[in-house]
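Encoded as structure tokens, the structure appears first; notes follow it.
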Number of protein chains: 2
Amino acid sequence: MNASAKAAAVAPLLHTTPGFETDGRDTCPIREVLDRVGDTWSILVIINLQEQPVRFNALKRSIEGISQRMLTVTLRSLERDGLVTRTVRPTTPPEVEYGLTELGQSIAVPIAALGDWAAANRDQMRCARGTFDAGS
Amino acid sequence: MNASAKAAAVAPLLHTTPGFETDGRDTCPIREVLDRVGDTWSILVIINLQEQPVRFNALKRSIEGISQRMLTVTLRSLERDGLVTRTVRPTTPPEVEYGLTELGQSIAVPIAALGDWAAANRDQMRCARGTFDAGS
DNA sequence: CAGCATCCCAGCTGATACTG
DNA sequence: CAGTATCAGCTGGGATGCTG
């Protein structure tokens, strides 16, 4: 695959081809998805739900620094986008379990890949920052 | 690989093990990386630089909706983190080319994977949102 | 336990104007 | 062409208090 062919393959991600706008304003897919899971907490929530369904407070404990409010807001948003399921068991006290939908499981794959990259390269980024700051 | 083994493999991504904090506050790798490329524009810039180095205004034109200011800010940030290179050719008018470093190329891989997911599943997310909004 | 409502602020971001 | 500088606004997100 040569460079121009690769460019053509990537092009659709960047902005819709003129004439192919799907909803009035032209939006590129990656932008649209980032607008939904690109906030501070969504990706962390998805990673934490990848293994098995988790209850609200357990989730809260496993995500360092998240407030109750933001966990609620984030879960609602992910549920709205069809990435997360919410299951209430009418016990007392109530138990609410959150899990990933199939769609959620599927996005968890590339997200986990990004997580692997993060774990492998965080030090290199820190180092680069130090070098840059020293040189300026 | 069973569930608990997978959980153990993912665990380091979530929060550092007690006693392993590297900089006072404990940070999980994915959080740290998202703090750097998780803003509105970084990922789009990286995708646009993946194929070949691009000059400032060409980049600006290819990223729908980005302002001159935010492109500058984003590029500086990525350069600082060692993901992007900046090459000035002292012509008149000046030409400044931006490209990905090796580190930048490596993060472009999982990012492109996320882009592919976005392209493949955006419609499903839109649909889910419609259903959710109708049901509430 | 699992939320919702309210208040409030920091900072990200866009708009605009100017420069080598 | 490729920036820098300044100003102003919006909204993401924290803090707090209350409910079924």
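Throughout, protein chains are lettered first and strands after them, A, B, ... in sequence-line order, and every chain is numbered starting at 1.
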OP1, OP2 of C:dC1 versus side-chain N and O of A:Tyr98: anything below 4.0 Å?
no
Round to a whole Å and report the spacing from CD of B:Gln68 to P of D:dG3.
9 Å
Look at the side-chain N and O atoms of A:Arg86 and state whether any lies under 4.0 Å from the OP1 or OP2 oxygen of C:dG3.
yes
Upstream residue (5' side of DNA chain C) when B:Pro93 and B:Ser67 are each assigned their closest nucleotide:
B:Ser67
Quick one: does any side-chain atom of A:Ser42 pair with a main-chain N or O of A:Gly38 as donor and acceptor, under 3.5 Å?
no
Please determine if B:Glu32 and A:Arg126 form a salt bridge, counting it only when a charged side-chain N lies under 4.0 Å from a carboxylate O.
yes
From the list D:dC1, D:dG3, C:dG14, which nucleotide is the closest neighbour of the side chain of B:Met70?
C:dG14
Phosphate oxygens OP1/OP2 of D:dG3: is one of them under 4.0 Å from a side-chain N or O of B:Thr72?
no
Give a yes/no answer on whether the side chain of A:Arg55 brings an N or O atom under 4.0 Å of OP1 or OP2 in C:dC1.
no
Partner of A:Ile43 under side chain to side chain contact (heavy atoms under 4.5 Å, CB included), chosen from A:Ile47, A:Asp39, A:Val45:
A:Ile47
Heavy atoms only, 4.0 Å cut-off, all strands: where does B:Arg76 land among base, sugar-phosphate and nothing?
sugar-phosphate
First encountered from the 5' end of DNA chain D, between A:Pro94 and A:Gly65:
A:Gly65
Does OP1 or OP2 of C:dT13 have a side-chain N or O of B:Thr40 closer than 4.0 Å?
yes
